[in-house]
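Before any comments, here is the structure.
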Amino acid sequence: MIGYAVIFGMACLALALGLNLWRLLKGPSIGDRILAMDTMVINTIAIILLIGIANESGSFFEAALLLAMVGFVGTVAYCKFLLRGDIIE
Amino acid sequence: MAIPLTLYTLVLLPFVAALLIAAIGGNARVLHSGIAAAGSAMGLALIVSAAGRVIGGEEFAVAIAWVPAIGLEFSLMIDPLGLMFAGLILGIGLLVVIFGHFYLAEGEATARFFASLMLFQGAMLGIVLAGNVLLLLIFWELTSLSSFLLIGFWRHKAEARQGARMALAVTGGGGLVLIAGMVLLGIVAGSFDLMTILASADVVQASPLYPVILILILIGCFTKSAQFPFHFWLPHAMAAPTPVSAYLHSATMVKAGVFLLARLWPVLSGTDLYTVIVTSVGLVTMTFGAFVALFRHDLKSILAYSTISQLGLLVMLLGFSIKMAAVAAVLHILNHAAFKAALFMTAGIVDHESGTRDIRRLGGLAKMMPITAIIATTAAAAMAGLPPLGGFISKEMMLYETLEISLFGLPWLVPVVATIAATLSVGYSLRLAWHLFFGSPREPEPYARAHDPGVGMWASPAVLVLLAVLLGLFPMLLAGTLVASVAGAVIGEPLPTLDLSLWHGVNWALGMSMMAVAGGVLLLWRHKDLLLATASLLRPDAKAMFQSLMAGADTLVRKFIVTTHTPSLQRMVFATFSVVVVVVIEGAITGGGILTGPREGLPASPVAIVAWLLLIIATAAVVNDERHRFRVLVYISVIGLIIALAFVQFSAPDLALTQISVEVVTILLLLLALNLLPKAPPLLSSSPRKWRDGAVACLGGLLVGGAAWAMLTREPNDPISSYHLANSYSGGGGTNVVNVTLVDFRAFDTLGEIIVLGIAGLAIFALLDTTSRGSAGARLRTWQQDVPHSPESHPIMFVMSTRILLPLVLSAGIYMFLRGHNQPGGGFIAALVVAIAFLLQYLASGFDWTDARRRIGEHTMIAFGVLVAMVTGLGALIFDANFLATAFDYFTLPLIGEFELATAVLFDVGVFCVVFGAVMLALAQLSHIAQRAARAHQAQLDEEKAEGSR
Amino acid sequence: MSRLIPHPGLSALLVVVWVLMVNDLSFGALFLGIIIGVLLPIFTAPFWPGRPNVNYVAGIAYFGLVLWDIIVANFEVAAIILFKRNRDLQPAWLIVPLELGTPEAITVFAGTISLTPGTVSTDVSACGTYLLVHALDAPDPQADVDRIKSRYEARLNKVFA
Amino acid sequence: MSLITHLAIAPVVIPALAAPLALLVMRRRRALGIGISLVSAAAMLLAALALLWAASDGTIRTYELGDWPAPFGIVLVVDRLSAIMITLAASLSVIAMLHAVLTRADRKGWHFHPLFQFQMMGLNGAFLTGDLFNLFVFFEVLLIASYGLMLHGQGPARLKAGVQYVIVNIVGSSLFLIALGLLYALTGTLNMADMGLRVAEIGPDDQGLLRVAALLLVTVFALKAALVPLHLWLPRTYAVSTPAVAALFAIMTKVGVYSIIRVVPQVFGDGAGAAAWAPAPYLLPAAIVTAIIGFGGVFVARSLSEQAAYAVIGSTGTLLIAVAGWQQDTLSAALYYLVHSTLAGAALFLVADIVARRRAGFADNASPGPDFAQRQFVALLFLAAAIAATGLPPLSGFIGKLLILESVADVPFWGWSWAAILFSTLIGVIGFARTGSLIFWKETAPSKAGPLEGALPATVSRADMVAPIIAIVLLAALSLGAGGATDYTAEAAAQLLDSAATAHAVLGDR
Amino acid sequence: MIGSISIAEIVISLMLVIGASFALIGSWGLVRLPSLMERLHGPTKATTLGLGGMLVGSLLFFQLELGHWTTHELLISLFLFITAPISANMIAKAHLHHLQIEQGNAGPAGKPPNPPSDSDWATYETPRPIIPEAPPSDDR
Amino acid sequence: MTLEFLVASAIGVLVAGGIYMALRGRTFQVVLGLTLFSYAVNLFLFASGRLTVNRPPIWSKTVTEYADPLPQALVLTAIVITFGMTAFAVVLALRSFLETGSDQVDGDIVSSDDQQPDGNGAG
Ligand code: NA
Ligand code: NA
């Protein structure tokens with residue numbers, strides 16, 4: 001049963017990634033693209049979790065953890081760039 | 001003195017003298033010439049001392065091994081031929097040195113002059129005494145070099161520089177051809193020892209390579225001895241000071257070619273090919289040279305062409321491949337050396353004392369400079385071959401031998417042409433003497449100036465002329481034995497009885513030479529008309545031709561080099577990838593085999609397919625939106641994310657971690673750079689170029705992708721990593737095999753890797769430290785933000801969250817580090833995580849705020865890290881283990897429980913420090929210049945605002 | 001004591017985080033966690049000047065409340081996204097006057113607003129006294145403002161007493 | 001386990017320790033930093049000579065890092081070839097560093113000495129390692145260090161050239177990794193000796209892949225060696241580099257050559273099926289073109305440093321003509337000429353520097369300028385350097401070329417090789433004669449030709465002649481001692497062609 | 001009838017399904033909502049309940065099914081709770097800036113009204129420092 | 001549709017994109033091209049250990065099957081080195097732009113060709 005749940009989850013997240021891609025390419029504003037990229041990071045974390053469950057292995061948590069920790073840095077850096085140009089001032 | 005020692009001393013003396021002179025330097029003229037003279041004199045003495053035994057038939061050879069691998073020995077030998085030439089080189093050398101001492105003006109660079117002269121003398125001696133052809137080649141090239149220096153002695157004169165370069169180009173080039181010929185000869189003969197080669201005529205002449213060898217060697221000789229069509233350099237070498245001409249262009253350098261012909265006579269001569277080529281070249285040169293000489297006006301030019309003609313005569317004689325011809329050649333070598341050197345010196349005297357060398361401005365000088373006149377006239381007579389002088393005998397013999405030769409099946413050809421040439425040479429010889437010393441002076445000024453020089457200057461030519469006279473009067477007594485033995489040496493077997501004398505009774509030869517004399521007189525008489533007649537004749541100026549040839553080559557090559565080599569990165573990269581494409585296709589086709597291997601694949605999940613689509617489309621988007629740099633960055637980070645996901649999917653947690661953290665840092669770096677770079681500059685590439693690049697790109701992608709496919713569908717070939725898996729825990733003390741590989745199995749790689757990163761940090765620092773100066777500084781000061789920006793620099797939410805994040809992320813970093821040896825993580829990843837934690841502070845709270853709170857400088861971090869890693873590695877040596885060997889053990893403490901201590905972890909500390917230091921150094925430095933730029937800009941804005949308000 | 005542990009709350013958090021991270025409640029892990037919990041705050045003290053005092057009980061209560069709200073609000077917004085047509089959608093800007101003093105408090109407040117779906121805190125006024133919030137669907141903005149203030153800000157005032 | 005067994009690692013350890021130490025002290029006590037750097041150079045030279053002596057007995061010494069047995073760990077291999085290269089590198093480093101210090105070029109920017117040391121570490125590591133991936137790593141070390149050194153002193157010309165140099169090499173490194181991936185995928189090993197054994201067992205289906213890998217790898221090496229058409233990056237890069245650095249770079253292209261003669265016989269020898277001697281058919285033509293283009297550049301170059309840069313290309317071509325013979329005697333000739341041409345190239349760059357310093361605004365351009373200090377002697381040095389670079393007697397170049405001519409005489413297309421070598425020599429001679437006569441003979445009155453823009457005051461310290469003199473003395477010594485040298489290179493060549501022996505020495509009885 | 005399936009399985013599966021669905025809904029919102037400010041609400045689902053659900057699911061899974069005591073999930077959510085609002089906030093600010101400099105599409109909510117004080121939003125006006133500044137530690 | 005195909009084709013696409021970008025005329029594009037290319041190269045090197053799902057090379061007594069750890073270690077090294085190189089290239093590109101005012105990879109500066117010709121003929 002969990003297996004089915006995982007497959008369902010995978011399917012959902014695959015679809016989600018596809019939708020993110022659409023927004024990433026469509027824009028229109030650069031903010032939309034950044035948002036899409038940020039959402040991809042979140043969905044990727046979810047996928048990594050599912051892979052962990054599917055493989056009954058805990059050795060992928062670090063990846064998820066790291067993404068949760070530093071994944072947003074890119075996003076804020078992009079925004080800071082748009083706001084200030086100089087991201088470290 | 002023992003002959004072997006004599007030989008070495010002979011060859012080394014001049015070089016030692018040259019060194020001495022150079023060492024003394026300055027303008028101690030007397031000292032310079034003194035040393036040179038002493039050197040030559042000592043050499044001459046040695047030769048004389050050895051002469052008896054050598055002429056007596058003894059042969060002496062000495063050898064020191066040098067480079068056995070190529071059969072090069074420092075071996076010298078002396079036989080009559082060598083003896084004669086050595087005598088000439090040293091004897092005339094001595095006279096030239098004396099002459100030169102008086103000839104050179106005060107304040108001329110006598111050190112350079114005499115040093116080069118001695119260098120040349122040594123090289124010449126080396127040629128004539130070499131017992132190994134490779135050694136001979138070495139000295140051969142040395143003569144080219146030293147003559148280059150001597151001809152260019154008056155470096156301020158353009159014609160001197162050009163003449164020198166021309167001589168070097170022709171003789172040096174000829175020398176290279178000669179190298180080819182000689183090395184081939186040696187290979188065919190099976191040895192580079194001269195004696196062995198001379199003894200192996202049958203082998204050589206039987207070899208299919210013989211024609212090649214012959215032609216190559218002949219080119220070498222002809223260029224050196226100024227044979228047609230390589231003669232043109234010699235007249236322009238007359239830009240040299242007269243002593244140099246007297247030395248190089250009468251007796252020595254130009255005779256080197258003749259010497260080599262004589263030297264190799266036994267092994268090369270005797271074939272039809274040899275006879276035809278050498279004879280005809282000699283014949284043509286002899287005639288052509290004589291003809292031109294008749295119509296030249298510059299004394300030295302006349303002498304130069306006469307030399308060409310006389311050398312042609314010698315070459316022709318050697319070409320006959322007849323014994324007596326060789327004898328004639330040997331005798332004429334002696335004669336020519338004597339009278340030609342004398343003539344050059346007298347020409348120098350005339351030039352020196354009257355101020356001109358133009359024969360059209362001189363005349364009747366006999367009154368003003370009688371001694372010079374006597375010397376010159378006698379020498380000219382010898383050149384003309386008038387009895388009772390030595391020149392007569394040798395020319396007589398020459399003419400006699402011509403009758404023996406039928407060229408191209410025409411028995412009359414050689415005698416007739418030879419007679420014509422003889423006539424011409426009588427003509428120019430008479431003209432030289434007559435127009436110079438007799439008749440009425442053509443111009444008053446030089447005539448008035450002219451007077452005999454001091455004895456120091458005319459002594460040398462006088463001696464030489466005396467020799468020429470005596471050679472005519474007492475040939476047998478003076479030169480009989482010498483000539484006989486030399487000729488014997490040339491031919492390689494003893495001669496039949498030899499009779500040198502002025503009178504051989506009435507024969508063809510006598511008639512021919514009488515015709516020549518008569519014709520010569522006629523030529524002199526009608527010289528004016530002839531001049532007019534030949535004036536219309538076009539005279540191709542060799543110099544102009546040579547120079548336009550060189551200039552043409554220069555422009556051509558330069559055009560090619562410039563168009564192809566003007567640095568163009570696009571061309572470089574394109575070339576590289578094109579080569580790769582070609583190479584891969586070639587390999588695949590030639591190698592054969594199959595594309596798809598037997599290994600069965602893994603099914604792809606929907607997520608995998610979507611991720612794949614994501615990656616491909618994002619890549620396409622990068623290419624498509626290449627101009628919008630910022631947007632492209634977003635796509636890039638998406639690609640990075642997918643790759644991280646792939647690493648997770650394919651059981652590479654460590655790689656996923658690395659990919660994720662490196663990705664973040666890279667993006668920060670690119671953003672920092674992009675801030676100062678154009679955001680969306682117009683694209684450069686034309687559309688055809690895009691198609692071209694696209695084609696290469698697609699090919700490359702196809703090939704590499706194909707290779708990846710081929711690789712992935714094959715079974716692994718029992719990789720060494722099975723050992724790593726088996727020994728990671730037991731031998732490396734860690735369960736994370738990747739980490740154990742990094743810090744233990746292949747720690748040496750990691751050492752290099754962190755050093756690469758450290759260097760990158762240092763290099764970036766060095767690169768950016770200068771940015772605020774120079775044109776970059778100026779550009780930064782006038783730097784304009786291309787888009788308006790928000791005034792808020794530190795958004796409160798961002799700032800505050802990063803403050804709680806810092807300790808949290810740091811603890812995560814510590815965690816990643818500590819468990820790295822057993823679980824995914826490790827020093828590198830930990831370093832990046834910690835670096836990001838601090839970079840967040842830079843991002844949120846700004847550079848100054850964060851920088852003020854930093855504790856350790858990055859340089860120190862890098863240095864410390866490398867040292868820790870190195871010391872950890874070296875620690876093993878104490879325990880008799882190899883560099884980077886590790887140790888680990890498990891300990892148990894009360895309450896704490898069991899834990900592991902591994903030296904590999906210490907190594908990982910080094911990794912951590914270097915990586916952290918390098919990353920922080922790079923980004924801090926980069927953000928710093930951005931900040932400086934922004935500040936400079938801000939300052940300017942404020943200024944303007946202040947202006948506006950006022 | 002206060003110099004050794006400048007910020008007990010942070011230290012405690014770090015210990016907890018550490019234990020969660022190493023996934024192990026053994027004394028060894030705890031010991032190391034405590035070391036880190038003590039050292040890191042000292043090491044990072046300069047990076048967090050003027051840390052506020054926090055009422056932890058109130059804080060934990062607040063945290064629970066937010067969690068609950070998140071779950072509820074998620075369903076509401078999900079419904080909106082799934083079933084409400086764009087033209088029926090009534091997005092609005094809410095301007096929330098701030099009574100919170102410390103930037104930490106403001107940050108937590110804004111964070112809460114963002115985490116609870118349907119609202120995203122967008123900006124703070126230059127004077128620091130207003131919070132700009134975007135609501136996905138707010139037919140009556142003022143009501144939402146009041147709800148936010150009463151439900152979160154009031155409580156946060158207690159947390160950051 | 002005596003210290004001699006650890007000697008193999010010394011050439012890597014010494015600079016790797018000196019660099020961080022210099023880095024630490026340099027900021028406060030420059031003199032001490034320079035001292036460390038010089039001591040390290042001397043120590044490297046000693047270690048290299050010791051290794052040269054040790055290798056002369058013909059035994060191949062291996063050093064297993066971390067005590068992990070080959071092929072599972074990384075192993076250093078000290079045979080005659082690597083000993084020669086190490087010694088050459090060490091000698092060159094002494095010369096280059098001495099020049100940098102004496103001319104104070106090392107002060108023209110940050111971190112010269114640490115970068116220099118790391119550069120040496122990279123070179124030595126590359127020459128010693130018996131592991132293909134480790135070779136890649138050391139390539140990267142010496143490359144990144146070379147980036148830093150190449151840009152030392154900066155200025156627009158260097159920066160512009162630097163961008164191209166860096167990017168081209170990054171491309172090269174990426175290709176290296178692709179080749180490595182293929183080879184590991186096929187053979188499952190990274191140890192060269194082991195790889196050499198394993199390629200023999202590769203089935204017919206995989207031959208294409210194997211050949212691709214081999215050719216790709218050699219292409220990468222050819223890029224480093226600046227073999228036409230992969231040479232375009234070199235001329236400007238070397239011409240604009242700080243002379244002391246350019247002198248050191250004289251060995252950089254030789255790293256590529258070394259890798260070719262190390263890897264091809266060891267891994268892609270007779271046993272390698274479709275990859276056996278894979279590059280052979282293409283190496284000779286490429287080398288011939290390289291020799292001619294290189295000396296063609298010398299023929300037309302407008303400045304001494306540019307000439308030196310092209311001479312480096314030409315010498316690589318000449319060298320690879322010999323390599324392409326793949327016989328013991330041709331490889332021996334190649335090795336001898338390799339040593340010679342490296343020193344000759346260095347000498348040229350250094351002499352160019354002397355001239356540039358003395359002619360101030362006229363730099364080392366092939367144009368007449370006013371008289372300058374020690375002109376006579378500088379002219380002599382140039383003459384010597386040019387003689388060496390073109391391979392005229394009496395310096396070692398002539399012997400080197402004779403060696404090549406004789407050794408390739410039994411190789412197919414030898415006629416072409418001979419023609420190329422002799423012709424390139426001729427145009428080289430003419431080119432150097434031109435620049436030399438223009439700079440040292442042709443004079444313009446100082447009044448007539450004022451110095452160019454941005455002219456610096458002429459430096460006339462005689463100290464800057466020390467390093468080039470050393471280089472030329474070494475060339476002379478190489479010429480006089482050619483007998484012994486060629487014996488060594490001959491045995492080195494024999495050793496590196498006997499891949500079985502190497503494999504046995506590295507892997508033991510497997 | 002579901003005796004074969006343990007309660008744990010059901011709960012876990014439920015959590016996973018809910019989480020995944022919310023993630024999907026979030027991304028769907030990202031696509032369909034009218035303007036950036038509205039879209040910004042979508043991903044917050046994914047982060048909060050979406051991932052939250054999945055994390056709880058995974059936590060329970062490892063606890064109940066495999067019997068591993070894993071707590072990483074809690075950490076992951078902790079970090080997400082801290083970072084997600086920052087991302088949202090920064091994106092929103094970037095949007096505000098974009099609205100001002102390029103007159104971009106303000107969306108149905110229109111442009112943000114000025115705060116009822118004399119000062120403007122921080123994105124538009126240099127904020128007065130409300131972050132206390134402590135002198136940096138001197139031990140460096 | 002196997003994972004092998006996905007990876008191989010992805011590598012191909014990345015290489016194509018990388019080469020194309022690396023051939024552009026401005027430094028920034030070129031650097032991005034190299035980044036793409038290095039992604040591909042890292043994947044390629046990784047692929048030399050073949051693809052393995054759910055077999056992370058974390059040794060444990062119970063497990064017998066692992067992914068090949070060696071390529072992972074190599075790729076890790078490669079990623080680090082590539083990062084260092086890319087960082088340097090980026091900074092250099094920026095530095096050269098600041099110095100010369102042009103971010104074009106080509107276009108000759110201080111060429112030795114603008115000097116007066118001193119051909120082999122003359123002088
Ligand atoms: Na070990
Ligand atoms: Na041979």
Side-chain angles (χ1 to χ4, degrees), chain A residues 7 9-22 24-25 27 30 32-34 36-38 40-41 43-45 47-48 50-52 54-55 57-89, chain B residues 605-607 609-611 613-614 617-618 621 630-631 633-635 637-638 641 644-645 647-649 653 656-657 660-661 663-664 667-668 671-672 674-675 785 787 789-790 792-793 795 798 805 808-809 812 816 823-825 829 833 836 839-840 842-844 846-847 923-924 927 930-931 933-934:
Chain A
I7 292 172
M10 284 287 193
C12 289
L13 289 165
L15 199 50
L17 276 185
L19 296 169
N20 302 153
L21 174 64
W22 190 80
L24 179 79
L25 298 175
I30 187 69
D32 291 290
R33 300 180 202 273
I34 297 176
M37 192 269 293
D38 190 59
M40 278 185 184
V41 174
N43 290 332
T44 311
I45 298 178
I47 292 173
I48 295 176
L50 284 180
I51 292 178
N55 297 345
S57 140
S59 51
F60 301 108
F61 276 120
E62 286 70 24
L65 183 62
L66 194 63
L67 267 182
M69 264 193 314
V70 304
F72 82 108
V73 178
T75 309
V76 291
Y78 285 126
C79 296
K80 186 94 194 289
F81 185 88
L82 293 176
L83 284 164
R84 299 284 300 164
D86 194 358
I87 64 173
I88 296 179
E89 45 193 341
Chain B
S605 67
V607 178
I609 295 175
V610 172
L613 273 172
L614 224 63
I617 293 172
F630 184 82
R631 204 186 291 173
L633 280 189
V634 181
Y635 299 148
S637 44
V638 169
L641 186 67
L645 190 56
F647 286 144
V648 170
Q649 169 72 50
L657 297 178
I660 292 166
S661 36
E663 192 64 32
V664 171
I667 290 299
L668 294 183
L671 281 174
L672 283 170
L674 182 56
N675 181 38
Q785 287 279 15
V787 286
H789 285 146
S790 154
E792 183 190 32
S793 50
F798 185 22
L805 273 175
L808 292 178
V809 179
M816 296 254 179
Q823 293 295 317
I829 294 156
V833 171
I836 291 172
L839 287 172
L840 266 175
Y842 280 101
L843 244 68
F847 182 87
L923 274 90
S927 61
Q931 179 198 40

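Lettering follows sequence order; numbering is per chain, from 1.
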| query | Picking from A/Leu67, A/Ile51, A/Asn55, what satisfies side-chain contact (heavy atoms from CB on, under 4.5 Å) with B/Val648? | reply |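 That would be A/Ile51; it is the only one of A/Leu67, A/Ile51, A/Asn55 passing the side-chain contact (heavy atoms from CB on, under 4.5 Å) with B/Val648.
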Interchain contact, [X] with chain A, by part (heavy-atom threshold 4.5 Å):
| X | result |
| --- | --- |
| B/Val607 | both |
| B/Tyr842 | both |
| B/Leu657 | both |
| B/Ile667 | side chain |
| B/Leu674 | both |
| B/Val634 | both |
| B/Leu671 | both |
| B/Glu663 | neither |
| B/Tyr635 | side chain |

If you round to the nearest 0.5 Å, how far is [atom2] of [Y] from [atom1] of [X]?
| X | Y | atom1 | atom2 | result |
| --- | --- | --- | --- | --- |
| A/Ile45 | B/Leu645 | CD1 | CG | 11.5 Å |
| B/Arg631 | A/Arg33 | CZ | CZ | 4.0 Å |
| B/Met816 | A/Met69 | CE | CE | 4.5 Å |
| B/Asn675 | A/Ile87 | CG | CD1 | 8.5 Å |
| A/Leu83 | B/Ser793 | CG | OG | 11.0 Å |

What is the minimum heavy-atom distance between [X] and [Y], and which atoms define it?
| X | Y | result |
| --- | --- | --- |
| A/Ser59 | B/Pro824 | O-CG, 3.9 Å |
| B/Leu614 | A/Leu17 | CD1-O, 3.9 Å |
| A/Arg84 | B/Glu792 | CD-O, 2.9 Å |
| B/Val610 | A/Gly18 | CG1-N, 4.0 Å |

| query | Any idea how B/Phe630 and A/Phe81 line up, ring-wise: parallel (<30°), tilted (30 to 60°), or perpendicular (>60°)? | reply |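 B/Phe630 and A/Phe81: parallel rings.
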| request: Could you tell me which of B/Pro653, B/Ala611, B/Ala618, B/Ser637 has the largest number of non-hydrogen atom pairs under 4.5 Å with chain A? | output: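 Winner by heavy-atom pair count: B/Ser637.
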| Interface residue of largest heavy-atom contact number with chain A, from B/Ile609, B/Leu613, B/Val787, B/Leu633, under 4.5 Å |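 Between B/Ile609, B/Leu613, B/Val787, B/Leu633, the count favours B/Leu633.
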Which bit of [X] is near chain B, if near means a heavy-atom gap under 4.5 Å: side chain, backbone, both or neither?
| X | result |
| --- | --- |
| A/Phe60 | side chain |
| A/Met40 | both |
| A/Ile7 | neither |

Considering only heavy atoms from C-beta outward, does the side chain of [X] approach that of [Y] to under 4.5 Å?
| X | Y | answer |
| --- | --- | --- |
| B/Ile617 | A/Leu21 | yes |
| A/Asp86 | B/Phe847 | no |
| A/Met10 | B/Ser605 | no |
| B/Ser661 | A/Leu66 | yes |

| field | Contact winner vs chain B - A/Leu13, A/Ile47, A/Asn20, heavy-atom pairs under 4.5 Å | value |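 Looking at each of A/Leu13, A/Ile47, A/Asn20 in turn, A/Ile47 comes out on top.
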